[in-house]
Structures are given as C-alpha cells and as structure tokens.
Amino acid sequence: MNKISVIIPIYNTTEFLDDCIGSVSEQTYRNLEILLINDGSDEECTKKIISLAKNDERIEVHHLSRRKGVGCARNYGLEIATGQYIYFLDSDDYISKETLQELVENIGDYELISGQIEEINKEPSEVGNSKTEIVVDKDKTRQFNNKSVLHRLISKAFIDKYQLRFNEDVRCYSDLAFVVPLMINITKAPQLLGCIYFKRFRNDPISNPSLMQSDMGKIIIDFITIYNQLRDKYQQNDEAQSFLDKQFLNLYRNEIIGYASIRKFSQVEFDQLRSAVSKLDKKQLAKMPLMIRSELKQLIKGKQNLFSKLLKVHVNLGLLRRGYRSRTKMYLQLYRSLFTKMPMKENYVVFESFLGKNYSDSPKYIYEYMQKYCPEYKFVWIYADQRREIPGNPKQVKRFSFAYYYYLGRSKYWVSNSRLPKHLNKRKGNIYIQTWHGTPLKKLVFDMKDVYSANPNYKKDFYEQSRRWDYLVSANQYSSDIFRRAFKYSKPMLEYGYPRNDIMYAENRDQIAKSIKAKLGIPAGKRVILYAPTWRDDEYYGAGKYKFSLKLDLERMRNELGEDYVVILRMHYFIADNLDIGDYSGFAFNFSKYDDIADLYLISDILITDYSSVFFDYANLRRPILFFTYDLEKYRDTLRGFYIDIEREVPGPLLKTSGDVINAIKNIEKIEEEYRGKYKAFTERFCSWEKGVASEQIVKHVFGPKK
Ligand code: C2G
C-alpha cells in the first residue's frame, strides 16, 4: 500500500487546527505521514501544534527558525517526505474522511489527480455522499486556472524527476513555480468530481488575514515577480507562456486596473510591471479591448502618469456603465462624483435610527435637544418604509433614494445608532457620531470567535464602516473598554450616558407615562409587564430577517395574572415574524412596531427579557427585571458568548419556563427584596454615568457653544 505524505505548512492558525489536523487523522486511508511545518508561528499556535501532534503517532512536527513563507515551508516538507505520493493541505482548511482514499484509489497510472475545492463560510460540516466520478479534460491547463497546488495527489517520483519546488521569494503565488512545470510535464490531468476540499474563507481578515487577504499592492507585486521569473524560464514552451499570459491578463483586469487607478506604484514596481507587460504575447494582447491595449501601450512606453490617467477614465466609465443599469447605483455614483464634491453644508445634520425603521433611540433624543436649543441647524431624518410624525417637522428622506444620497453627501454631520452602508464613503470634513444601541452583553465583532450567520464579510465590513466614526457614545466604563477592543476603535468616546435614557430621569416622567399609556389604550388600572427579548443568530430566513417563536404561555399568564396585569410584547427589530395574539385582546398587546421602546419602559412595572441589552437601560428605572432564558446554554455557549457572568451578575432571576415566570410575578416583592443588593451593584457599574442630561452634554461636546 502506497504511503501519502500530507504536508501542512502552518502560520498562526490556532483556531483552525483542530478541524484541519483532525480531518487528516480521521482519514479512512491510514498509510499516512503527516508533516506539520511550523513556519515561525507565535507561541500560542506553536503550543497548539505540539499538543495536537500527541494525538497521532503519524504526525511529525518541524519548526522553521522564523517565518519563511509558505513556499519555503512546503519545500521543507518535500525534502523530508518519504511517501510515494504528496498531498498539500493548508492549515486553515480541512478535508472529509474519504478524501485521500478516493484520490489514491483513482490515481492509477496518472502522475497526479485533482479533486474539487469548495469555499466554506459555514461551520465545519460532514460532507454529503456525493458520488465521485473521474473526468479527463483535453485541455489540461484548465485544471490549473486556480494557480494552486491544493487538493492534488501527486507522485513523489514525478516531483523528484522534474525537481518541482515552490518559489521562496514571494509570499503569494509561490505555487506557480511548482504548478507550471507540473502542468507542462504531465501527460494528462484527471479530476475527481465529488471529492471535495474545504477551503476556509477567513472572516477576520483584519486581525488575522490569509495570504490572499493581505494588501493588494503586495499581492500584485508578488504575481508580477513570479510572472517575470517564469516567463523567462519557460521562453521555449508555448503552453507555459500562454498559461502565464492569461493569468497575467486576468489579474490585470480584475485587480491591477482598480488598484493602480487610485495608488501609484513605486518606480521599481512600475518597472517590474512594465517588464512583465513587454513580455506578453502580442497575439494575446490583440484580443484585449481597445482601452486595455492603449493603457498597456503607455505602460510599455514608461509613461506612468498617462497610464494612471487612462486607468481612472477606465474605472469611471465602468462605474457609469454599471450606474445606468440601476437607479440606486446611479445615485451612488452621483453621491461619489457630485454631491460629496459640492460645498459641504456646515449646518446640516442627518439622523438615522435602526436602519431607518424607527424614530427612536439616542439619535431621537439628540435630535429633540437640538431641535429645541439649536435652531441654526437644518435636520434630516432617514426612514425605511414610511414617514413619521416628528416634532419640528424635519426633512425626511427615504433610505437609498436620490434625496438620501444628496443629503448624506452634502451634510457635515451624521448621527446614527447602527452602521451606515459600506458604500457611503465619507467626505472630508464630515463628522459622524455613532451612538451605538446598547451596553453589550453578547460578544461583539472582534471579540466573537467566528461569525458564520448571515455574512462572512461581517468583521471586515464592520471594520471599514467603523473607521468612519468620529465619536462613539458609551453609557458606562464597561462599554468603553469593550468598544475599544471589540470595534478596534481608538477615536474619541462620548462618555455621558445614553441620550435614550435621559427620559427615565425626567422630572415629569410619571406624567409622560400616563399619557403614553392612554395613547396606547392600556387600561389605566392594570400593571404592565413588558416582554422584550432579543434575536437568535441561528434562526433566520435571510440577512437581517430573523425568526422568533414565542415561548411565553400567554394562555396561562392571562388565567393566572390577567386580573392585575397586562402584557406588552416587544420583539427585536430584526424579527420578521408577526406575532399572532388575536385571542388575547385586552390582555396582550403587540408593540413590536412601536417606534421607541423607551416609552414602553416608562409605562411598564416589570420587565421580562433575555440576552438583550434592554435590561441595562431598564435598570435606570430601578424596577424589577426577570430573565426568561429558556435557551441559556445554547445562546451563551454556542451562539455568542457573554461579557458578564449572567448567572451571577444580573439583577434578577433566570427563569426557564412560563410557570417560573408566572410564579416570579406573583412573588415580585419577594424577588425585589432578594435582588436588592445585586441590583444596587449592577446600577453602580452600568448606570452611574446616567444623569438625564446625556443629550445636552453630547451636543455641547460635538457641536460646541452656540454660534
Ligand atoms: N430593542 C428593542 N426591542 C427588543 C430588543 C431590543 O427595541 N425586543 C432595542 C433596544 O433599544 C436595545 C437595542 O434594540 O437596546 C439592541 O437590542 P439587543 O437585543 O441588545 O440586540 P442587538 O441589536 O444585537 O444589540 O451592544 C449592544 C449589542 O450590540 C446588542
């Protein structure tokens, strides 16, 4: 039975190693030599490698003295490998149990066999039983379009015969030095369909980027370096030349044009690029569109400035062409090339709350203060579906409309409690106050281990979007510390408490509550229970559309509490499901679409919540809080992870069933008594900055004294 040497270069991939190495150890094909080449990883990763190596005696660990690059690490593996076949695996990827068995059983007399690569952005899952099938394409170069050595079982004798090695001068594309001679020397390149390799799309390219997530300038220069080397080396081989030229032109169209239209290459880099372009086969060049040909002509002549100008025209024409295809894209194009270039309106302030879904939260209270005390400003509110009645009658613009882009493009100030879309780049002089929307309990962005729910680009997008913030509102020291780390935020923090909580300190708050209660049709004589749970990352229909199934037994609640209480149900704004509470009219009220939850806090006597930040705010009222945490273990341990020890630190009991909730309500005074100490400690920690004047202080801080 032939031995396979699996070569795994490792550089700082601690969190992925269990999946990767575990997947090799569990292979049904057992005759393996597993070579872990530690390419100068940090201490944590090195420890992890050493501990995993203990689980399988077929594992050998080799430590390079410092980081030398993936090419060098793989070459090292090739030098020491003793198997008849070589298989390369990356340390953040993994394979399914039968992979090596399938490859080895199908390689026959071929020198190499490749499988299929699939990108994963979901949690590692067991592969389906797709049937494998071998195909042999006439055009073997097609098999190498991904320029990668991954997921190929290769005969070691063949590698030795042609002395195949990786390039060690570059970080990215070192594979090409191996792949090109492999491709031209093999006779056939069969592929085994249904035999899958799972390639991870890393979701934190900011803290720990993969090679291809590093700086685009470096990626381009690496490619050009290797292209120049290989193009010279294989001057006599048409197959290699045409393959390399195609790869170059692809990179040129997809990356170089965009990159070089906004950044300048250094003289040395430009000369490298020029040398690469002069090598291109004239016949391939002739197939390119006129615009590309003229750019490359200037490049060959060495005219960098003219080259950059042509690229700018190229990019703008592309945008314009795409712009005409959709109205929003056209507005965006106007935003970028017109509105943000027009003089900035120094006194315009644009507000948005919860993606325009509500008139609420801190933006509302900052606005109401300004509307009263800063008449020299012009105010604009963004809405998602419908205009609202807003005091002072500000301009209202629909999200993603022409007016939306116009006002965002021209206004000096933006105030929002969540992220503004990534495509809205910031104009010079713009000031963006991010109020955020809650003291965190659930782990946030860069504190989250992995984000698999809706969008694999979540961390990267968040990072880009939050670079635009100029001020971040924080309600307590605990939040400030978390925000700095979890958002990688280092600009000024506004530490005055939450404007949205000011109302809870208003002298006339009972008066206000009375009128809200009347407005909402809540019987004046009944006590009010507010149920405001959060959303669950793993229960969704699509991006931003989450499911919720009500676990509170309304029937029982009405029977046992209906005489004294009514219940207000308030779902999170991400929840797309409509609650059906038709049978409970007069007892249960659904205010999920009501604008401002602060109004609901004011009129309620007891809050029931779960892992929502609402309890940090509600605690300002010092009224009882119950935690209906029927899925605590799952939420805490598998979905998110919490910042505080919820079982020890929250100011109320954790309850698992509707029965527990009902009992707690019946004994609410006892519970208040029981939690008095914890409640006090809690408010000291989370509510001590709140004095009811956060809006005023923030406005004075950012907008300064009256002009
Ligand atoms: N909210 C609401 N109704 C709910 C839940 C939340 O109106 N049933 C509002 C509250 O203002 C709350 C905010 O939405 O403070 C954020 O809700 P969370 O449940 O805490 O969840 P999330 O949107 O994930 O934000 O740092 C805070 C975190 O990011 C949490």
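Counting starts at 1 for both ligands and their atoms, in listed order.
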If we count only N and O atoms by modelled type, under 3.5 Å, do the side chains of Asp660 and Tyr630 hold a donor and an acceptor together? no

Tyr373 vs Tyr369 aromatic rings, parallel, tilted or perpendicular, using cut-offs 30° and 60°? tilted

Parallel, tilted or perpendicular for Tyr478 and Phe686, by the 30°/60° rule? perpendicular

Checking Thr629, Ile646, Thr534 against Tyr635 for side-chain contact (heavy atoms from CB on, under 4.5 Å), the one that qualifies is Thr534

Tell me, which pairs form a salt bridge (Lys or Arg N to Asp or Glu O under 4.0 Å) where one or both residues lie in residues 607-618, sequence neighbours left out? Arg500-Asp617, Arg536-Asp610

For a quick check: using heavy atoms under 4.0 Å, what are the residues in contact with ligand 1, sorted by chain and number? Phe354, Trp436, His437, Gly438, Thr439, Pro440, Lys442, Leu444, Arg500, Ala532, Pro533, Thr534, Trp535, Arg570, Met571, His572, Tyr573, Ile597, Ser612, Ser613, Val614, Asp617

Is any side-chain heavy atom of Tyr365 less than 4.5 Å from a side-chain heavy atom of Tyr498? no

